[in-house]
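The structure under discussion appears below in the form of structure tokens.
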Amino acid sequence: SLVIPAYEQHGLGALHLSQLLDSLNKQTGVEYDVVVADSAKDDSIKKVCEQYDVRRVIGVYGASENINAAIDQATHDKVKLMCQDDLFIKHNALKLFSDALDDYGWVISNSIRYDGNLKQIGRTDTVYTHGIIQKNTTGMPSVIGFRRNSLRFDPTLKTICDLYFYHQLYELFG
């Protein structure tokens with residue numbers, strides 16, 4: 001299941017979600033379903049979901065809460081989280097995550113940052129070092145895939161909610 005928390009993002013949310021779904025439509029080698037947790041205050045995300053024929057659930061306010069709403073609706077054993085303003089660059093990215101999840105309980109990937117003109121402006125080589133927050137460069141939630149489980153993002157943690165989630169995944173799966 002691909003889970004996407006979404007909101008209007010200062011008028012750019014629908015555009016970003018459309019671009020993500022376009023990149024998703026190019027994925028090969030794996031079956032998947034899409035869940036969009038919509039916490040937009042307008043109907044822009046709803047319209048995109050209808051256009052792309054993806055499952056939309058009513059999200060809730062707050063990043064962690066909205067991510068959790070999407071995860072709760074995942075139907076497959078393997079879950080890939082994507083933020084609405086992220087893209088798949090490789091056409092086999094979901095297959096790579098799926099294949100890795102055959103052997104592991106959770107996986108993380110490197111990420112590349114682009115500007116508005118799709119010029120590369122940075123790269124993060126992902127590292128998770130258990131127990132040492134300062135050594136971690138795991139990045140945003142879009143770098144993870146995991147086997148379905150009961151863990152959720154902690155809404156009381158704002159800045160490190162994703163790092164704490166990774167910590168919990170490590171504790172669960174190693």
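Owing to the predicted nature of the structure, the values given are computational and were not obtained by experimental measurement.
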If you measure from [atom1] on [X] to [atom2] on [Y], what distance do you get to the nearest 0.5 Å?
{"X": "K95", "Y": "K90", "atom1": "NZ", "atom2": "NZ", "result": "13.5 Å"}
{"X": "M82", "Y": "L21", "atom1": "CE", "atom2": "CG", "result": "10.0 Å"}
{"X": "E50", "Y": "D43", "atom1": "CD", "atom2": "CG", "result": "8.0 Å"}
{"X": "D72", "Y": "R152", "atom1": "CG", "atom2": "CZ", "result": "4.5 Å"}
{"X": "I4", "Y": "C83", "atom1": "CD1", "atom2": "SG", "result": "9.5 Å"}
{"X": "D42", "Y": "K47", "atom1": "CG", "atom2": "NZ", "result": "8.0 Å"}

So F153 and F165, would you call those rings parallel, tilted or perpendicular, with 30° and 60° as cut-offs?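 Answer is parallel, since the angle falls under 30°.
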
Report yes if the side chains of [X] and [Y] come closer than 4.5 Å at any heavy-atom pair, otherwise no.
{"X": "Q84", "Y": "Y7", "answer": "yes"}
{"X": "K80", "Y": "V3", "answer": "no"}
{"X": "F173", "Y": "N149", "answer": "yes"}
{"X": "R148", "Y": "H76", "answer": "no"}
{"X": "V36", "Y": "V57", "answer": "no"}

Quick check against the 3.5 Å criterion: does [X] have a side-chain atom that pairs as donor or acceptor with the backbone of [Y]?
{"X": "N66", "Y": "G62", "result": "no"}
{"X": "S23", "Y": "I89", "result": "no"}
{"X": "S18", "Y": "A14", "result": "yes"}
{"X": "E8", "Y": "G13", "result": "no"}

Are D85 and Q9 close enough that a side-chain donor and a side-chain acceptor fall under 3.5 Å?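 Side-chain D/A pair, D85 to Q9: present.
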
Y52 and side-chain contact (heavy atoms from CB on, under 4.5 Å): which partner among L24, L20, N25?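 Only one option passes, and that is N25.
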
Counting heavy atoms not belonging to D102, are there more than 12 under 6.0 Å from its CG?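 Check passes, neighbour count above 12.
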
What residues form a side chain to side chain contact (heavy atoms under 4.5 Å, CB included) with Q19, not counting sequence neighbours?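 Listed in chain order: L15, H16, L87.
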
Can you see which heavy atom on P155 is nearest to which on S64, and at what distance?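 Nearest heavy atoms, P155 then S64: CA-CB, 3.7 Å.
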
Side chain to side chain contact (heavy atoms under 4.5 Å, CB included) for Y32 and K78? Distances and angles first, verdict last. CA-CA 9 Å; Y32 58 88; K78 299 172 184 176; over 6 Å; no

Clusters formed by hydrophobic residues whose side-chain heavy atoms approach within less than 4.5 Å: which one holds F97, and what are its other members?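 Besides F97, the hydrophobic cluster comprises L101, Y104, V107, listed by chain and residue number.
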
Pair N110, V143 - check side chain to side chain contact (heavy atoms under 4.5 Å, CB included), show working. CA-CA 7 Å; N110 295 335; V143 302; over 6 Å; no

Determine, step by step, whether L169 and Y164 satisfy the side chain to side chain contact (heavy atoms under 4.5 Å, CB included) criterion, reporting the C-alpha distance in whole Å, the side-chain angles of both residues, the deciding distance to 0.1 Å, and the verdict. CA-CA 9 Å; L169 286 170; Y164 181 64; over 6 Å; no

Could you walk me through whether L81 and I67 satisfy the side chain to side chain contact (heavy atoms under 4.5 Å, CB included) test, starting with their C-alpha distance in whole Å, then the side-chain angles of each, then the deciding distance to 0.1 Å, before giving a yes or no? CA-CA 8 Å; L81 175 60; I67 292 170; 4.0 Å; yes

Which residue pairs pass the salt bridge (charged side-chain N to carboxylate O under 4.0 Å, His left out) test with at least one member in residues 15-35, sequence neighbours excluded?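 Qualifying pairs, neighbours excluded: D33-R55.
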
Shared hydrophobic cluster, V34 / L96 (ILVMFWY, side-chain heavy atoms < 4.5 Å):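 The answer is no; the residues belong to distinct hydrophobic clusters.
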
